[in-house]
Amino acid sequence: MGPILEDKIAIVTGGAQGLGEAICHRLAREGAHVVVADLDLKGAQRVAADLAAQTGRRATAIGVDVTNEAQVEAVVQGTVQELGRLDVMVSNAGILIAEAVDEFPAEKWRAVMNVNLFGYFLCAKHAARVMKEQRSGVIIQINSKSGKKGSYKNSAYTASKFGGIGLTQSLALELAEYGVRVNAVCPGNLLDSPLWVDSLYSQYAKKWASPRRRCGRGTSTRCR
């Protein structure tokens, strides 16, 4: 028996680092050809080169802002033109900005919603156009435990992830008749990921003088 994703075509947004990079590697190891899509083009190119060298799968890097519909559409159309189809869309790109609700700048709150929820919608929209015609495909949103339970001083991220759960369930109902599956994955805290190490730790420490403590494998401002 060969790899379970032999010659399937996958797009992973936010694939240049962290969980997105790990997803790219696992897809390639399972036989998929992978399009690494990220705002950080150099990072995406590094990951694509690693995939090709380590797995022999076709790997392409492309720069994309998931809040820009024209760019998202171009990624999907370019993938189909180059590789022939689209079997897996992983909407992984996300940002996290933490603020107390009464101090949260509106433009920052909106930015989180734009990337995490609107960006997911755009990826799903353009993937669905291809997959409905194929009558097959999988759309996966990388969600969060914060999509199922409120998060302290983290209203924008949590709202975006709760919205992602609702969008996922709605799309699953809408696309089932075309043979397209839509699922959300809700990981817990990945304490060594760039989202925490490069963003959330410093935000908590700076704004609320939270002590940095060792918690499991990572360094956390709060241990649960």
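Atoms considered below: every heavy atom in the structure, side chains included; atoms not considered: hydrogens, waters and symmetry mates.
Under the 3.5 Å distance criterion, the side-chain polar atoms of Lys161 are matched with a main-chain donor or acceptor of Ile142. One N or O on the side chain of Asn116 and one on the backbone of Ile95 form a donor-acceptor pair closer than 3.5 Å. Distance alone, capped at 3.5 Å, is enough to place a donor-acceptor pair between the Asn92 side chain and the Thr13 backbone. Between the side chain of Arg57 and the backbone N or O of Gly31 there is at least one donor-acceptor pair closer than 3.5 Å. Looking at Gln134, its side chain does come within 3.5 Å of a backbone N or O of Leu86 through a donor-acceptor pair. Listed for the Arg135 side chain is a donor-acceptor partner under 3.5 Å among the backbone atoms of Glu177.
Considering Ile139, Leu173, Ile140 as possible partners of Val182, the one that fulfils the side-chain contact (heavy atoms from CB on, under 4.5 Å) test is Ile139. Here the rule is side-chain contact (heavy atoms from CB on, under 4.5 Å) with Leu51, and of Glu21, Arg29, His25, Arg58 only His25 fits it.
No chain of hydrophobic side-chain contacts below 4.5 Å, direct or via other Ile, Leu, Val, Met, Phe, Trp or Tyr residues, connects Val115 to Leu41. The hydrophobic cluster containing Tyr178 also contains Ile9, counting ILVMFWY residues as joined when their side-chain heavy atoms lie under 4.5 angstrom apart, directly or transitively. At a threshold of 4.5 Å between side-chain heavy atoms, the hydrophobic network of Ile, Leu, Val, Met, Phe, Trp and Tyr places Val101 and Trp109 in two separate groups. Under the 4.5 Å side-chain heavy-atom criterion for grouping Ile, Leu, Val, Met, Phe, Trp and Tyr, Leu167 is not connected to Phe162 through any hydrophobic cluster. Residues Met113 and Val72 share a single hydrophobic cluster, defined by chaining ILVMFWY side chains whose heavy atoms lie under 4.5 Å apart.
Under the 4.5 Å side-chain criterion, counting only non-hydrogen atoms from C-beta, Val76 is in contact with Met89. Side-chain contact check for Pro105 versus Ile97: every heavy-atom pair is 4.5 Å or farther apart. With a 4.5 Å cut-off on side-chain heavy atoms, Val112 and Lys108 do not count as touching. No side-chain heavy atom of Tyr157 sits less than 4.5 Å from a side-chain heavy atom of Ser151. Between Asn143 and Thr168, the closest side-chain pair of non-hydrogen atoms is not below 4.5 Å.
By the 6.0 Å contact criterion, CZ on Arg85 is enclosed, its count of non-hydrogen atoms from other residues, nucleotides or ligands being greater than 12. Other residues, nucleotides and ligands contribute more than 12 heavy atoms inside 6.0 Å of the CD atom of Glu6.
The existence of a salt bridge linking Arg26 and Glu30 is confirmed by a sub-4.0 Å separation between a basic side-chain nitrogen and an acidic carboxylate oxygen.
In this structure, a donor-acceptor pair under 3.5 Å is absent between the side chains of Gln77 and His126. There is no side-chain donor-acceptor pair under 3.5 Å between Tyr120 and Ser160.
Taking NE2 from His33 and OG1 from Thr55, the interatomic distance works out to 9.0 Å, rounded to the nearest 0.5 Å. Going from atom NZ of Lys149 over to atom OG1 of Thr158 covers 11.0 Å, rounded to the nearest 0.5 Å.
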